[in-house]
Amino acid sequence: MASNSKQSLHMNPGQGETSYAQNSVIQKTAQERMKTLIEEAMTGLYNTATSSSPLHQKELVIADLGCSSGPNALTLVSAAVDAVVVHRRHCAGVQQLPPPELCVFLNDLPDNDFNTVAKSLAALKQSARPAAMVTAGMIPGSFYDRLFPRASLHLVCSANSLHWLSTVPEELSSGAHLNKGNIYVGKTTPPAVVRLFRKKFREDLSLFLALRAQELVSGGRMVLTFLGRKSAEMLSHGDVGSMWELLAQALAILVQKGRVKGRDLTAFNLPFYAPSVEEVTELVEESGLFDVDHTGVFESTWDPHDDSAAGDDDEVADCARSAENVAYCSIRAVVEPLIAGHFGEGIVDELFEVYGTVVAEHLSKGRAMYPVIDVSLKLKGRLSSRIQHSDSRTL
Ligand SMILES: C[S@@+](CC[C@H](N)C(=O)[O-])C[C@H]1O[C@@H](n2cnc3c(N)ncnc32)[C@H](O)[C@@H]1O
């Protein structure tokens, strides 16, 4: 039995029916909402640049962390490039300067399908001309490690990724604590296990903030979205928790059928955590590194193709079809590599078929929504000597 390490965490590669590329419409919604925050962050960057160090004459460096592959991979960096071009168009005197030089970096874990990303990068560079000169690179690695040189980035974006922990809490993967058949925080999860997930998220997000604070220029920006909770109450995960409780139910059905070993289910937990806005704000404040420009929560329906979701009606028009969209496509595209790595590829088709049935039953009680948190942060004025070398660049 494999452990669910960070190496197994990547979205389904390629362009096939169950690939992330074909099944990332929900995540696209969150990215679309980030465009305004990215524009504001860019305008903020230009506005805080000093006259002795005008940003218009500098190259800008932009990174998307957890880009995955497919149509979403370039959305955020493209939005940042567009924001720079539009901003310059509205600034008197800037048009006479040479086109801006922008360097965009796309990061994900090494198992990500970077081949597909590489092909779309060439198109981005081409389409930006002549308004901007774009160079691009891919940075495989964990965003819980240092990825970039000190004080080298102006804008960091990350969509739909920071709810993934660096690893399952060690005390769970070692078997020192058990999660009673849950794979994340469920109704029967022991309080000690809830605390382990929470602690791991606190450690990971604090580390992420400290690492990015080293890599951003002073005054640099971060725009982030990730799945979250609407309430600070830990067990009020609502539908984000249910999504994983239903997957645990589907796995339990396969255990009953003798298709999955009970001990394999006991040993499986997701490296996942959905925080509340309060938790995120508290950690940012505790870090002392960033000012919070914006926080918000919005909700996305589980089935992005459910047309009936546009109205006020809470009923899902076609539960079976929606469940298929949710289970077979959206969730499978995200967790199949983790599931296959732990339980073996042989159970994947059957598991997501059973999951579809369980999700359909759940949707028959009413529409399910994912809360998504968005955050915009600004690195505080001057970095302390603790994290900045004397040769670092400032705006
Ligand atoms: C749901 S996808 C989001 C992809 C894209 N940003 C979007 O919005 O559609 C989450 C991505 O985060 C990546 N990811 C998770 N943990 C990571 C880590 N520690 N370092 C880098 N990428 C990570 C996953 O591999 C995956 O590609």
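Remember, it's a predicted structure, so these values are computed and weren't measured experimentally. Computed over heavy atoms, backbone and side chain alike; hydrogens, waters and symmetry mates excluded. Order of appearance sets the numbers: ligands from 1, and atoms from 1 within every ligand.
- For Gly141, the closest heavy-atom approach to ligand 1 falls below 4.0 Å.
- For the pair Glu101 (side chain) and Val134 (backbone), a donor-acceptor distance under 3.5 Å is absent.
- If you number the atoms of ligand 1 from 1 as listed, the ones under 4.0 Å from a heavy atom of Tyr144 come out as 19 (N).
- The Asn160 neighbourhood of ligand 1 comprises atoms 1 (C), 2 (S), 3 (C), 7 (C), 8 (O), 10 (C), with distances under 4.0 Å to a heavy atom of that residue.
- The shortest N/O to N/O separation between Asn72 and ligand 1 falls below 3.5 Å.
- If you take CG on Leu147 and CG on Leu65, they are separated by 6.5 Å, rounding to the nearest 0.5 Å.
- Neither the backbone nor the side chain of Asp111 has any atom closer than 4.0 Å to an atom of ligand 1 (non-hydrogen atoms only).
- Atoms of ligand 1 found under 4.0 Å from any heavy atom of Asn107 (numbered from 1 in listed order, with element): 21 (C).
- Backbone and side-chain nitrogen or oxygen atoms of Asn112 are examined, and none is located within less than 3.5 angstrom of a nitrogen or oxygen of ligand 1.
- Of the N and O atoms on the side chains of Glu279 and Tyr273, at least one donor lies less than 3.5 Å from an acceptor on the other residue.
- A cation-pi arrangement, defined by a distance under 6.0 Å to the six-membered ring centre and an angle within 45 degrees of its axis, is absent between Arg195 and Phe197.
- Between the side chains of Ser322 and Asn325, no donor N or O sits under 3.5 Å from an acceptor N or O.
- For Asp108, a nitrogen or oxygen atom sits less than 3.5 Å from a nitrogen or oxygen atom of ligand 1, counting backbone and side chain alike.
- A donor-acceptor pair is defined here as one N or O able to donate and one able to accept, closer than 3.5 Å; such a pair exists between the side chain of Arg229 and the backbone of Ala274.
- For ligand 1, the atoms closer than 4.0 angstrom to any heavy atom of Ser68 are 4 (C), 27 (O).
- At least one donor-acceptor pair closer than 3.5 Å links the side chain of Asn182 to the backbone N or O of Asn179.
- For ligand 1, the polar-atom distance check finds an N/O of Ser142 within less than 3.5 Å of one of the ligand's N/O atoms.
- Inclusion of Ser161 in the set of residues having an N or O under 3.5 Å from an N or O of ligand 1 is warranted.
- The shortest heavy-atom distance from Cys67 to ligand 1 is under 4.0 Å.
- The shortest heavy-atom distance from Leu65 to ligand 1 is not under 4.0 Å.
- Salt bridge Lys257/Glu350: present, at least one basic N to carboxylate O contact under 4.0 Å.
- Assignment of Val334 to the shell around ligand 1 is not supported, since no heavy atom sits closer than 4.0 Å.
- A salt bridge is absent between Arg321 and Glu324: the closest approach of a Lys/Arg side-chain nitrogen to an acidic carboxylate oxygen does not fall below 4.0 angstrom.
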